[in-house]
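Notes follow the structure.
In what follows, chains are A, B, ... by sequence order, proteins preceding strands, each numbered from 1.
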Number of protein chains: 2
Amino acid sequence: MPGGRPRAFDAEAALDRALEVFWRQGYEGTSLSELTAAMGINRPSLYAAFGNKEQLFRTVLDRYFASPGAFAVEALEAPTAREVVERTILGAVELTTGPHTPHGCLSVNSVHACGPDSDPVRQEVIARRMAGEAALRRRFEQAADLPAGCDPRVLAQLVHTVTDGIAVQAASGRTREQLHQVAAMALRTLFRPPS
Amino acid sequence: MPGGRPRAFDAEAALDRALEVFWRQGYEGTSLSELTAAMGINRPSLYAAFGNKEQLFRTVLDRYFASPGAFAVEALEAPTAREVVERTILGAVELTTGPHTPHGCLSVNSVHACGPDSDPVRQEVIARRMAGEAALRRRFEQAADLPAGCDPRVLAQLVHTVTDGIAVQAASGRTREQLHQVAAMALRTLFRPPS
DNA sequence: CTAGTTTTGTATCGATCGGTAAGGAACTGG
DNA sequence: CCAGTTCCTTACCGATCGATACAAAACTAG
């Protein structure tokens with residue numbers, strides 16, 4: 001019975017374009033005109049396919065964590081806490097300094113919301129960040145190679161703080177090589193060879 | 001010969017109000033209406049006294065680094081690198097979790113600019129950040145208590161990365177007590193008691 | 001009081017913001 | 001062909017953006 005005119009664009013590809021723009025300019029910094037121009041569709045098509053700007057951003061956020069940000073959950077599978085931390089921090093450097101993606105982290109950028117109207121988006125991003133850190137903490141609680149007297153909760157917060165700092169540094173223009181040196185030093189001091 | 005109608009507001013107090021709003025909502029997230037409402041003046045008075053929105057922000061930025069952010073330069077006067085790092089990181093925690101100021105850091109927030117029209121502001125903030133880190137590096141180059149094989153440049157970048165991360169965490173709602181634990185762990189690992 | 005100067009309040013500018021109404025275009029089922 | 005459904009295009013909505021024109025108000029110098 002149904003049918004209808006087929007859509008003339010690829011929704012997945014359009015979401016990738018939207019991700020690129022949101023990643024580079026943030027939620028409030030991206031206008032609908034920029035979105036439609038980048039996605040190659042016009043405004044009513046965007047609203048019909050993705051709801052409104054906020055819903056589109058949430059969909060893009062899912063896509064971000066599912067594919068470029070997947071390293072964060074994959075790192076939890078490493079056998080030792082030492083390797084979990086290493087893969088998390090090095091993954092953050094790779095993610096935020098990719099040669100074909102905007103520098104910085106979509107999630108971290110969106111924490112610095114801006115106007116009061118984008119507070120729902122801000123809260124959603126913060127909730128996802130907290131969930132990721134909680135997973136990291138649970139992983140540390142089950143680790144056997146933590147330094148003596150090391151609180152898994154505080155360690156998770158510290159690692160999260162370092163990855164956040166890496167994202168800010170990348171957004172400030174720091175190169176991948178420089179951040180690799182920073183990451184190496186952080187790992188060297190966090191898990192020092194047994195003395 | 002001159003004279004003219006005296007202004008009915010205190011420029012310094014108005015700048016403090018503007019700082020509070022920019023700090024909380026960022027450059028692009030703050031509208032002129034919010035600024036004039038917070039500053040208690042109307043629009044033409046703002047333009048006559050402070051130029052335009054961008055010039056006002058730069059003036060506010062000066063004020064920010066001169067007073068709430070002064071700890072960053074004062075920390076350089078500490079006698080040892082260990083204490084410079086400690087005062088820098090603890091100062092970042094205090095600054096970004098103040099009970100009477102917005103959470104987070106005005107400078108870090110402004111790195112995640114937003115739209116393309118605010119790029120000059122973004123570049124200015126980045127330049128100031130790089131200058132601060134360069135001062136930190138020069139201080140480390142003159143220190144005698146650096147761990148063996150520790151590159152002053154990388155150490156400065158790492159400390160800067162940690163303070164950036166602290167700012168993001170504070171903006172995400174982390175409490176001062178939690179960040180103090182994170183800072184303590186970072187300091188413990190960075191400068192470990194000689195083994 | 002008058003002339004000159006600066007700030008104030010009001011009202012508004014063009015541009016852009018996110019979001020939509022309305023109708024023609026392209027498809028599927030009969 | 002025709003009805004039914006969905007999408008695309010154009011044009012537009014009220015609200016808000018940063019920034020200003022204009023004139024009345026408040027001051028100093030003479």
In whole Å, I'd like the distance from the [atom1] atom of [X] to the [atom2] atom of [N].
| X | N | atom1 | atom2 | value |
| --- | --- | --- | --- | --- |
| A:Asp117 | D:dT16 | CG | C1' | 11 Å |
| A:Phe9 | D:dC7 | CZ | P | 8 Å |
| A:Met39 | D:dC8 | CE | C1' | 15 Å |
| B:Glu34 | D:dG18 | CD | P | 8 Å |
| B:Phe50 | C:dT7 | CZ | C1' | 13 Å |
| B:Leu46 | D:dG18 | CG | P | 11 Å |
| A:Glu28 | D:dC17 | CD | C1' | 12 Å |
| A:Lys53 | C:dG18 | NZ | C1' | 8 Å |

- Task: Applying side-chain contact (heavy atoms from CB on, under 4.5 Å), name anything that partners A:Pro102, two or more places apart in sequence or on another chain.
- Result: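 Counting only residues at least two positions away or on another chain, A:Pro102 forms a side-chain contact (heavy atoms from CB on, under 4.5 Å) with A:Glu20, A:Trp23, A:Arg24.
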
- May I ask you to say whether B:Glu94 pairs ionically with B:Arg176, meaning some side-chain N is under 4.0 Å from a carboxylate O?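 Judged by the 4.0 Å cut-off on N to carboxylate O distance, B:Glu94 and B:Arg176 do form a salt bridge.
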
- Got a salt bridge between B:Arg87 and B:Glu83, using NZ or NE/NH1/NH2 to carboxylate O under 4.0 Å?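 No.
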
Go through [options] for me and flag the one nearest to the [X] side chain.
| X | options | value |
| --- | --- | --- |
| B:Leu32 | C:dG18, D:dA19, D:dC8 | D:dA19 |
| A:Ser31 | D:dT9, C:dC17, D:dC17 | C:dC17 |
| A:Ala8 | C:dT8, C:dG19, D:dC8 | D:dC8 |
| A:Ser33 | C:dG9, C:dA26, C:dC17 | C:dC17 |

Dump the pairs, protein N or O against N or O of nucleotides 20-25 of chain C, anything under 3.5 Å, distances to one decimal.
| from | atom 1 | to | atom 2 | distance (Å) |
| --- | --- | --- | --- | --- |
| C:dA25 | N3 | A:Arg5 | NH1 | 3.3 |

- Message: Considering every strand and a 4.0 Å limit on heavy-atom distances, what is the contact class for B:Thr30: base, sugar-phosphate, or nothing?
- Response: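 Counting heavy atoms under 4.0 Å across all strands, the contact made by B:Thr30 is with sugar-phosphate only.
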
- Taking the side chain as C-beta and beyond, is there a heavy-atom pair between B:Phe57 and B:Leu106 under 4.5 Å?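 Yes; the side chains approach each other to less than 4.5 Å.
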
- Side chain to side chain, B:Arg122 and B:Tyr27, heavy atoms closer than 4.5 Å: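 No - every pair of side-chain heavy atoms lies 4.5 Å or more apart.
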
- Phosphate oxygens OP1/OP2 of C:dT8: is one of them under 4.0 Å from a side-chain N or O of B:Ser45?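 Checking C:dT8 against B:Ser45, a side-chain N or O does come within under 4.0 Å of OP1 or OP2.
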
- Taking only the side-chain nitrogens and oxygens of A:Asn42, find out if one of them lies under 4.0 Å from OP1 or OP2 of D:dT9.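 For D:dT9, OP1/OP2 do have a side-chain N/O of A:Asn42 under 4.0 Å.
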
- Item | Heavy-atom neighbours of A:Arg153 CZ exceed 12 at 6.0 Å |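 No - once you tally the heavy atoms of other residues, nucleotides and ligands closer than 6.0 Å, there are 12 at most.
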
- Hey, is CZ on B:Arg129 packed in by over 12 heavy atoms from elsewhere, all under 6.0 Å?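 Yes, CZ of B:Arg129 has more than 12 neighbouring heavy atoms, counting only those of other groups under 6.0 Å.
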
